[in-house]
Each structure stands twice: as structure tokens, then as C-alpha cells.
Undergrad: 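This is the structure I have questions about; it appears just below.
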Amino acid sequence: MIFTIFDLFHVESSPKMKQLKYLLPAFGAVVFFLFSGPALSASLEERVVEHSLDNGLKLLVVERHDAPVVSAYITIGVGSVHETSETRGVAHLLEHMRFKGTRTLGTTDFAAEKPLLEEIERVGGDLNVLRLDPDRNRDRISVLETRLAELQQQHKKYVVKDAFAQIYSENGGVGFNAFTSKDLTTYLVSLPSNKLELWALVESDRMRNSVLREFYTERDVVREERRRSYDTNPRGLVYETLIANAFTMHPYRNPIIGWHSDIANLTIKKTRAFMERYYAPTNTVIALVGDVHADDAIALVERYFGDLAPGTPVPAVAAVEPVQEGEKRVVVNFDAEPRLAIAFHKPTLPHKDDYAFDLIDQILGQGRTSRLYKALVEEQKLATSVSVYGAPGSRYANLFVINAIPRHPHSPTEVETAIYRELEQLKTVPVSERDLTKARNRLVTDQLRRLRNNSGLARMLTSYQSLIGDWRYLATYEKEVGRLTAEDLMTAARTYFTKKNRTVVFLEKGES
């Protein structure tokens, strides 16, 4: 599984942290520790140390002693795909909330703070109910809004802002962040290896004792984030419209950030229940990569995380998207230059055709020598840009997406027609062995570039372990891609690049 466009519309990240620019840590071919081919599998098998705690937590350790630093990734196998109609947007909001501290961090006096938090929760919960019928409850809503504002003002004196970030920064930590996707939630930091016990203390406390302080303030922040990223951004608007229409009933159709009414109706009670149920060891994978000894790391994680309650396994999504039996077309009027997006349903990893699409992705849309770029941007000058990527998640069957921005005076229809010509060629003319080899090599090179740092490897290990239950997908990927032939790519193109299997969104310039 390869996703090659990484932007904030696909992964929601806390605005208080640096925005992450990738869709999902699910990558393609791997060159690892300067090994390739048959040596890759053996190298991974030898270097990745696995350990499972009794409470279900999975630990993966890779020793790299070239510098006294370690990257620590905690991935929880829960994302927006696991939400219900009552909790849409909660995983993303929780990503924000779990930076707010614990009973010991982020507060000046939790004993004094606790009654205020309880009163804020009660008043906020009552407000949520009254707002379901605003006309009838207008006066009561006004009274409670005033009361909530007073309580939040009183609460400020107990809040210590950015407590986690301050602790890590003072102890040499870098890259402290988090991201939420359709499938996963990940918390990450890199720090000096002699501070690893500090990390274990802080993160086990966060898993055990998170406090949802400043909830309603942060909920408003998320609503503004939604307006900025989707409602008033043409790129986000087209993407969200594409996904919501391509999927009829699978929860992938819902935005990670939630719809406006979803965010507005989230309560502390709902959010806490979701967190306590799923943000627990049985759904958690930790990767420690860097200057760490595996035996010491195992003992450390056992000591700090071993006594946590297992929690509830995240249930598999039972919904299966029905086969699309006809083209879907949507036009969005917005005060911006025209653009278009086309999505085709496809399988996800580890299906054979998913590997084929990784190569198709390279051939069609990666780099200035790709077919779509050469044809639409350089030769025909129909578009100013064109890109391809997978969306919106990796755990379940997903989409292959093509985006393009027409070059004035050309229309989206002209660009769309040119795109289909390239797809038809992929169906009827075998990719040359030279181009196939070039695509494979580019996948390998790209992965080597990403895996040179500890953080890249830690991200991939936790993601694959969580998504498919085995990080060894990394070790076998290059071999599986190497088996694919030009005929395999033609078969995949003929199977999925069909009119009835596609969803098309045009953005036309008009009033917002």
C-alpha cells in the first residue's frame, strides 16, 4: 500500500502541534539497513525484537547504536472508521484532548480542579441537550452558556499549558506530535536514549490518567479547524466531497474531523467512554528504534505499562461497501479556480492488486516523467498540476484518486478526457520492462530515503503491525512487487478503471 500525497486533508493533527504532511504511514517497497533483495527479510527478522505484554500491548524494538537517540512511537489501532453516528469526530478530538495532561501533569492542583471539571461536564452536557431544540430552550441556553463561560474562566487558574511538550523539550525531545487517520492514532517523539525512562513515565501516565480539561474550548478549536481546512479551502472541499460520494455506506465516507453537527454534539461523557474503552494496551503497538538495548526496553515497558488494564479490543468494521454499479458525478460551486478529482474503488493490502496499484501510481503520477504529468502538463498543457494517491485509509478497501487543476482556458472536461486516454493506454498497451523496472527502483529508492532515520522505521513498524497484525509485510513487500508483470498491471487497470466504478467531482467557479 502506497500513498503518495500527504496533506492535512487526509490526516487530522492537533493545531498546537506541527501539522503532519502525510496521509498514513503505510508505505511501499523497502530498502533497510542498506540491504536489499533476499537479505532484506533476513535483516528484518534478525533486527526486530518482539515482545507481548500480558495485557495485550505489543512492543517492537530495533537497536541502532550509531547515535545516542531513540524514536518512540505509540500507535493505537483506532481511528475515525471505528466511530458511530453518536461519536463521529471523537478520535480526532481525543488526539487534541490527550495533550491536555493527566491528574499530575497539566494542573496546579488536581484536587481543587476536579470539582470544577465535574461542574463543567454537567453544564456542558445539559447545554448539548438543550441545543437540540434551540427555539424552545433559548432562555435556558443563554443562562447555561453564561454559567459555562464563568466556570471555564475559573478553571484557567489550574491549567498548565503544554505540560508534555515542555517536559520533552527540557529533556532534549524533538518531533513531539500526534496524528489521527481513518485507521490509527499515533503519538510520537524522539529523545536522548538516556531519557527513555522519562518517556515511559510520561506516556504510561497519559494512558492511565488522561484528564479531558478545556474540553469545550478545544471543541471550538476543532470546529474552526474544520472551517479552515474544508469549508473554505477548495482542495479540502473537493476531497471531502469526493470521499463522501464515493462511499455509500462504509464509515470511510465520513471525515476524520467529523461533520459540524458531529463536533458540536460531542460531550465529555461520550469522549471519555470512547477513550477508556479503546485507548488501552490491547489495541496498542509501541516501537522503540535507536540507541536502546532490547532487554532493557522490554523491562522498562513491562515496568511502566504492564499493570495497565487491557481495555476492549477495537471491533472490526462489519460494513462492506457495496459494489458501485454506476458512475457518480458531483459539481461543487465555489469561489476558486476549477479543479477535478476522480476516484476508483480498489482493494487494500495485502491483496495482489494493491501491489499492482503501487506500480501504477508510480507510472501514472509520480514525478515529472510520469505519464499524466508529461501528457497533461508538459505536452498538451491542459493542466497546471496533476497528482495521484490512495485514499482515505488502508485497513479496508479504498480508492485510487487522480487530482488535476486545469490550465486556463481549458476546462475540467478536457482534462478529464485526457486522463481517460492515459488510463485506456494502460489497459491496452503493456508497460515496457524498462518502465516497470524504473517504477520498482523508484519505490525502493523512495523507501530507503524514508527509512534512514529511526522515526521512519518506527512509524512503519507500528502502522503495519496495527493494520494487518504483522510488521513483516515490510520484509516481503519488495519480493511481492518484483513478481508483478506488465500483464498484471493491465489486468488491474481493466478491472478497476471502469466508468461504473468511478466517482468524479468538478469544482466550478461560482459563489461560495
Side-chain angles (χ1 to χ4, degrees), residues 1 3 6-13 20 22-26 74-96 98 178-187 222 226 229-230 236 239-259 261-263 265-266 270-271 273-275 277-280 282-285 311-322 324 343 345-351 354 389-401 459 462-469 473 503:
M1 168 63 61
F3 289 154
F6 309 125
D7 60 70
L8 65 93
F9 303 120
H10 303 167
V11 172
E12 305 298 343
S13 184
L20 294 183
Y22 43 84
L23 169 60
L24 182 71
I74 300 176
T75 292
I76 304 151
V78 62
S80 64
V81 75
H82 302 108
E83 298 163 353
T84 67
S85 60
E86 290 293 309
T87 58
R88 281 192 299 255
V90 72
H92 172 257
L93 180 59
L94 265 170
E95 176 209 314
H96 286 238
R98 294 182 81 239
F179 61 88
T180 307
S181 75
K182 298 286 186 183
D183 307 314
L184 306 169
T185 300
T186 295
Y187 295 85
V222 172
R226 204 211 126 72
S229 298
Y230 295 95
Y239 176 79
E240 183 174 81
T241 303
L242 182 75
I243 301 303
N245 284 276
F247 290 96
T248 302
M249 53 81 70
H250 194 276
Y252 269 172
R253 76 184 308 274
N254 298 309
I256 295 167
I257 200 170
W259 304 102
S261 59
D262 296 329
I263 302 167
N265 284 295
L266 286 174
K270 289 179 186 177
T271 305
F274 192 88
M275 178 182 70
R277 186 179 304 121
Y278 298 133
Y279 289 64
T282 192
N283 302 312
T284 300
V285 181
T312 303
V314 177
V317 173
V320 177
E321 181 68 17
Q324 186 171 316
H345 289 277
K346 57 172 280 294
T348 190
L349 72 175
H351 194 286
D354 184 67
Y389 56 88
S394 294
R395 196 180 292 275
Y396 301 101
N398 49 40
L399 304 170
F400 183 81
V401 180
R459 178 168 63 240
T462 60
S463 296
Y464 284 122
Q465 183 65 40
S466 183
L467 285 170
I468 59 175
Y473 178 86
T503 301

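Model, not experiment: these values are computed from the prediction.
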Undergrad: Might you point out which heavy atoms bring Val401 and Ala343 nearest each other, and give the distance in Å?
TA: CG2-CB, 4.1 Å
Undergrad: Measure across Thr503 and Leu242 and return the closest heavy-atom pair with its distance rounded to 0.1 Å.
TA: O-CD1, 3.6 Å
Undergrad: Kindly indicate whether a cation-pi arrangement holds for Arg98 with Tyr187, taking the cut-offs as under 6.0 Å to the six-membered ring centre and within 45° of the axis.
TA: yes
Undergrad: When you measure from the side chain of Ser466 to the backbone of Ser463, do you find a donor-acceptor pair of N or O atoms at a distance under 3.5 Å?
TA: no
Undergrad: Is it true that a side-chain atom of Lys182 and a backbone atom of Tyr252 form a donor plus acceptor pair closer than 3.5 Å?
TA: yes
Undergrad: What is the minimum heavy-atom distance between Gly258 and Ile263, and which atoms define it?
TA: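 So the two residues come closest at O-CD1, 4.0 Å.
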Undergrad: Work out which heavy atom in Tyr239 is nearest to a heavy atom in Ala391; give both atom names and the distance.
TA: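 Residues Tyr239 and Ala391, closest heavy atoms: OH-CB, 3.7 Å.
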Undergrad: Quick one: does Asn283's side chain get under 4.5 Å of Val78's, heavy atoms only?
TA: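 Asn283 does not reach Val78 side chain to side chain.
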Undergrad: Under 3.5 Å, side chain of His345 to main-chain N/O of Ala246, donor-acceptor pair present?
TA: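 Answer holds: yes.
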Undergrad: Is there a donor-acceptor contact under 3.5 Å from the side chain of Arg88 to the main chain of Asp262?
TA: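 A pair under 3.5 Å: no.
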Undergrad: Taking side chain as C-beta onward, heavy atoms only, is Pro251 less than 4.5 Å from Val317?
TA: yes
Undergrad: Might you point out which heavy atoms bring Met249 and Ala319 nearest each other, and give the distance in Å?
TA: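 Distance-wise, the nearest heavy atoms are CE-CB, 3.7 Å.
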Undergrad: Kindly compute the distance separating CD (Glu321) from OG1 (Thr248), expressed to the nearest 0.5 Å.
TA: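 The CD atom of Glu321 sits 4.5 Å away from the OG1 atom of Thr248.
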Undergrad: Rounded to the nearest 0.5 Å, what separates atom CZ in Arg277 from atom OG1 in Thr282?
TA: 14.0 Å
Undergrad: Are His250 and Tyr396 close enough that their ring centres sit under 6.0 Å apart?
TA: yes
Undergrad: Does some side-chain heavy atom of Thr348 sit less than 4.5 Å from a side-chain heavy atom of Arg395?
TA: no
Undergrad: Run the side-chain contact (heavy atoms from CB on, under 4.5 Å) test on Thr271 and Leu93 for me, step by step, so that the C-alpha distance in whole Å, both residues' side-chain angles and the decisive distance to 0.1 Å come before the verdict.
TA: CA-CA 8 Å; Thr271 305; Leu93 180 59; 4.3 Å; yes
Undergrad: Any chance you could measure Leu184, atom CG, to Ile76, atom CD1, to the nearest 0.5 Å?
TA: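 Rounded to the nearest 0.5 Å, the CG-CD1 separation comes to 10.0 Å.
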Undergrad: Nearest 0.5 Å, what's the OH-CD distance between Tyr279 and Glu95?
TA: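 Going from OH on Tyr279 over to CD on Glu95, the span is 8.5 Å.
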Undergrad: I need the Thr84 OG1 to Asn254 CG distance, nearest 0.5 Å.
TA: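 Reported value, rounded in 0.5 Å steps: 10.0 Å.
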Undergrad: Taking Ser394's backbone N and O only, do any of them form a donor-acceptor pair with Asn398's side chain (distance below 3.5 Å, no angle check)?
TA: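 No; judged by distance alone, with no hydrogens or angles, the pair does not exist.
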Undergrad: Give a yes or no answer on whether the side chain of Arg226 reaches the backbone of Ile257 with a donor-acceptor pair at less than 3.5 Å.
TA: no
Undergrad: Evaluate the criterion side-chain contact (heavy atoms from CB on, under 4.5 Å) for residue pair Tyr464 and Leu349; output intermediate values, then yes/no.
TA: CA-CA 10 Å; Tyr464 284 122; Leu349 72 175; 3.7 Å; yes
Undergrad: Can you list everything that forms a side chain to side chain contact (heavy atoms under 4.5 Å, CB included) with Ala280? Sequence neighbours excluded, please.
TA: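 Listed in chain order: nothing, the list is empty.
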Undergrad: Nearest 0.5 Å, please: how far is CG in Asp354 from CZ in Phe400?
TA: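 It is 11.0 Å, given to the nearest 0.5 Å.
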Undergrad: Could you give me the CA-CA distance, side-chain angles and deciding distance for Leu467 and Tyr473, then say whether side-chain contact (heavy atoms from CB on, under 4.5 Å) is met?
TA: CA-CA 10 Å; Leu467 285 170; Tyr473 178 86; over 6 Å; no
Undergrad: So which atom in Pro313 and which in Tyr278 form the shortest heavy-atom distance, rounded to 0.1 Å?
TA: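 Scanning both residues, the minimum pair turns out to be O-CE2, 3.9 Å.
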Undergrad: Please tell me if the side chains of Glu83 and His92 come closer than 4.5 Å, counting only heavy atoms from C-beta onward.
TA: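 They are not in side-chain contact.
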Undergrad: Do the side chains of Phe247 and Leu399 get nearer than 4.5 Å, heavy atoms only?
TA: yes
